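Sequence lines set the chain letters: A, B, ... in the order given, protein chains first and strands last, and positions in each chain run from 1. Just so we're clear, the structure is a prediction, and the values are computed from it rather than from any experiment.
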There are 2 protein chains.
Amino acid sequence: MNKKNISIKEIAKLSGVSVATVSRVINNNGRFSEETRKRILKIIEENNYSTNVIAKSLRMKKSNTIGIMVPDISNFFFSSTVQEIERIMFEQGYSTIICNTARNIDKETAYLRMLESKMIDGLIVISGLREFGIENMSKQIPLICIDRKPKDNDNTAFIESDHLEGAKLATTELINAGATKIIIMMHALTSSSQEARLNGFVSVFKQHHIPISDHNIVKIPKMNKEEEVIYIKNFLQNNCVLSKSINGIFAINDSIGVTILKDAKTLGINVPHNLKVIGFDDIPEASIITPGLSTIKQDYREIAKRACEILLNNIKSPGTITPIKQEIPVTLIKRGSTGT
Amino acid sequence: MNKKNISIKEIAKLSGVSVATVSRVINNNGRFSEETRKRILKIIEENNYSTNVIAKSLRMKKSNTIGIMVPDISNFFFSSTVQEIERIMFEQGYSTIICNTARNIDKETAYLRMLESKMIDGLIVISGLREFGIENMSKQIPLICIDRKPKDNDNTAFIESDHLEGAKLATTELINAGATKIIIMMHALTSSSQEARLNGFVSVFKQHHIPISDHNIVKIPKMNKEEEVIYIKNFLQNNCVLSKSINGIFAINDSIGVTILKDAKTLGINVPHNLKVIGFDDIPEASIITPGLSTIKQDYREIAKRACEILLNNIKSPGTITPIKQEIPVTLIKRGSTGT
DNA sequence: CTGAAAGCGCTTACAG
DNA sequence: CTGAAAGCGCTTACAG
């Protein structure tokens with residue numbers, strides 16, 4: 001193969017026409033004779049020419065690229081969603097730059113600048129610590145939020161699982177399974193989706209006239225994975241072995257749920273007999289651990305699909321789309337950890 | 001914030017200097033007085049200017065972007081490696097475009113063209129079906145292969161886990177655990193890493209003077225995940241329940257290993273008593289399933305680190321780096337599936 | 001149907 | 001220390 005990239009100018013010379021004409025046939029826009037079209041296409045083929053999208057981007061002020069910001073790509077729900085988005089967008093001729101922010105505000109800001117300066121045509125923001133607003137951007141570009149509340153609603157779509165309903169299903173499942181002393185276990189650093197799940201949890205307590213206090217809401221301080229495992233183990237040791245003050249846990253996600261199940265095993269706590277557990281997400285480990293972890297399954301495919309649809313629309317006809325909030329249904333999956 | 005991007009030209013006008021000077025202070029190259037430097041920097045700050053990297057890329061013929069091709073981002077080893085590479089490269093000021101090829105040659109080709117036309121400064125190719133060569137590219141750009149053999153060795157580094165050694169460790173572990181009728185279970189569509197593992201498997205048979213035939217090598221035809229689960233279940237049914245012709249399996253990866261363990265449970269096969277299993281990768285599920293799946297752990301952090309080091313070197317001084325093949329050590333992890 | 005020319009936002013030899 | 005100008009590879013009104 002030829003080692004240096006050939007430009008439209010050279011194609012023009014080889015074809016005996018102007019660069020304008022070459023550009024027109026490449027983009028199939030404007031008028032030209034069938035004859036020149038064929039000749040040019042042949043030359044392009046022969047020389048293995050492909051258009052320099054950087055130059056095109058600069059000229060057109062669009063890059064056929066979108067950005068995705070995600071807090072942690074190793075998280076099953078996030079990586080599945082991202083993968084699905086990437087797949088769909090590629091089919092539509094877009095490439096996607098995936099930005100793993102590691103929940104770090106500085107990194108997020110740096111990424112945002114980078115994405116902007118790369119003239120991305122759209123941005124999808126998944127989860128994260130605070131509300132996300134396009135004031136963070138100097139230019140107005142189409143923005144879709146997944147699991148992260150947009151600050152303003154102009155030009156911004158918001159898609160998420162029905163966290164409220166999911167949390168209600170989860171909490172109700174614990175009650176139905178016979179748990180009487182129930183807590184929710186979540187992170188101290190919350191996201192909008194976690195808040196929604198907390199609300200669902202609380203509302204079921206109210207509905208059943210069960211008194212609720214801070215003791216029912218356990219927040220894990222920010223720490224690394226290993227420390228978290230120990231923290232949870234200590235918690236279970238105190239509340240399920242020494243004092244038996246808890247017999248049902250709604251884990252805010254399956255990662256915590258699986259950790260609880262593992263620790264319970266180590267501590268000799270009988271699940272589901274003495275402790276019932278339910279999670280959220282339906283990660284692969286949930287179905288593999290024994291007993292299986294009951295959970296609320298999120299439909300990442302649907303979420304990705306909707307996000308891409310709206311984003312593509314917004315890119316094609318900016319501003320015409322009214323801001324939307326879409327809630328994607330979730331499903332209760334019953335497994336051994338709640339007694340099935 | 002201002003809604004339209006401000007250019008270097010406007011900064012120049014506001015500062016009362018030429019664009020050349022602005023460019024010089026931004027890039028801190030060339031000479032200029034401290035006074036003008038301060039003034040320009042202030043104006044830049046005030047106007048929230050950031051440089052248009054598309055224009056810069058076009059001019060410089062480099063994009064500060066690298067590409068990664070990966071067959072399946074939902075695979076734990078791949079996604080961990082990719083994530084680590086992205087993290088390191090971002091620290092070095094590079095953004096990375098992740099291309100999920102889904103083991104599809106057409107998609108791979110399309111991605112390659114796209115990456116080239118985006119003027120990527122380097123490319124990392126992870127795994128894949130065939131050998132990978134830079135003849136696939138029209139321009140010569142630094143290339144690193146991970147788990148995929150480069151076709152030529154010019155300017156190409158090759159990094160992989162020590163698959164051969166890993167496979168030897170795995171096979172030996174099965175023998176030590178008392179398995180006497182051992183097979184390797186792999187995919188029909190192989191990659192260079194799978195071939196290496198097969199070689200390791202075979203060499204241990206030879207070393208122990210155990211006769212080996214095609215019956216010891218089971219290749220799963222290309223099919224989707226669900227079909228594969230059924231295929232494996234049928235296989236176990238025939239060979240571990242009906243005929244007991246097999247009591248040890250080296251699964252080419254943990255995904256297959258976990259499937260075997262799940263199916264064994266369903267079929268009532270006693271692991272490790274009647275069947276010993278070992279995998280490769282050390283995915284999270286391996287430590288969660290009961291019994292735990294013994295496996296060979298790959299050091300994805302080290303692999304990512306080496307890949308980035310070499311790539312960065314290659315980008316900075318093209319051609320000066322001699323082609324290298326690096327083999328990263330692996331570790332045997334013993335769990336319940338081989339009797340520990 | 002086709003071409004000459006301007007311009008997207010940068011960088012950098014060249015000249016002073 | 002600084003500026004005018006060319007050029008990276010494209011697209012597109014304008015003119016014919």
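- Within the 4.0 Å cut-off from OP1 or OP2 of D/dC1, at least one side-chain nitrogen or oxygen of B/R31 is found.
- A donor-acceptor contact closer than 3.5 angstrom links the side chains of A/N27 and A/K56.
- Among the heavy atoms of the strands lying under 4.0 Å from A/S7 are primed sugar atoms or P, OP1, OP2 only; no base atom is included.
- Nearest nucleotide to the B/T36 side chain, out of D/dT11, D/dT2, C/dT11: D/dT2.
- For the P atoms, the distance linking D/dT2 with D/dA6 amounts to 23 Å, nearest Å.
- B/S33 comes within 4.0 angstrom of sugar-phosphate atoms only, judged by non-hydrogen atoms across all strands, and of no base.
- At a threshold of 4.0 Å, the pair B/K325-B/E160 counts as salt-bridged, since one of the basic side-chain nitrogens sits closer than that to a carboxylate oxygen.
- Residue B/N52 has no polar side-chain atom (N or O) positioned under 4.0 Å from OP1 or OP2 of C/dC8.
- Between A/I8 atom CD1 and D/dC8 atom C1' there is a gap of 14 Å when expressed in whole angstrom units.
- Remark: C1' of C/dC10 and CE of A/M119 are 10 Å apart, rounded to the nearest angstrom.
- For B/R24 against D/dG3, a side-chain N or O and a base N or O form a donor-acceptor pair under 3.5 Å.
- The pairing partner recorded for C/dG16 is D/dC1, the criterion being a Watson-Crick or G-U wobble arrangement whose two distances lie under 3.5 angstrom.
- A donor-acceptor contact closer than 3.5 angstrom is absent between the side chains of B/E86 and B/T96.
- Between the CD1 atom of B/I26 and the P atom of C/dG9 there is a distance of 14 Å, given to the nearest Å.
- As judged by a 4.0 angstrom heavy-atom cut-off over every strand, A/T51 is placed among residues touching the sugar-phosphate backbone only.
- Close to D/dG3, at under 4.0 Å from its OP1 or OP2, lies a side-chain N or O of B/S18.
- Relative to the side chain of A/M60, the nucleotides D/dT12, C/dT11, C/dT2 differ in distance, and D/dT12 lies closest.
- Among the atoms of the strands shown, only primed sugar atoms or phosphate atoms (P, OP1, OP2) are found under 4.0 Å from some heavy atom of B/V17.
- When the C1' atom of D/dT11 is taken as reference, atom NZ of A/K9 falls 15 Å away, rounded to whole Å.
- No hydrogens or angles considered: a donor-acceptor pair under 3.5 Å links the side chains of B/T65 and A/K118.
- D/dT12 atom C1' lies 15 Å from atom NZ of A/K61, rounded to whole Å.
- In this structure, NZ of B/K56 is placed 5 Å from P of C/dT11, rounded to the nearest angstrom.
- Rounded to a whole Å, the CZ atom of A/R59 is 10 Å from the P atom of C/dG9.
- The listed nucleotides are C/dT12, D/dG9, D/dT11; the one nearest the side chain of A/L58 is D/dG9.
- With ring centers used as reference points, B/F90 lies under 6.0 Å from A/Y111.
- Residue order along DNA chain D, read from the 5' end via each residue's closest nucleotide, puts B/T21 first among B/T21 and A/T21.
- Of the options A/I328, A/I124, A/I68, a side-chain contact (heavy atoms from CB on, under 4.5 Å) to A/I146 is made by A/I124 and by none of the others.
- Comparing C/dA13 with C/dG9, their P atoms sit 23 Å apart, to the nearest whole Å.
- For the P atoms, the distance from D/dC14 to D/dC10 is 24 Å, rounded to whole Å.
- Phosphate proximity of D/dT12 to A/N29: present, with a side-chain N or O under 4.0 Å from OP1 or OP2.
- Note: CG (B/N64) to C1' (C/dC10) measures 14 Å, nearest angstrom.
- Nearest nucleotide to the A/A20 side chain, out of C/dT11, C/dG3, D/dT11: C/dG3.
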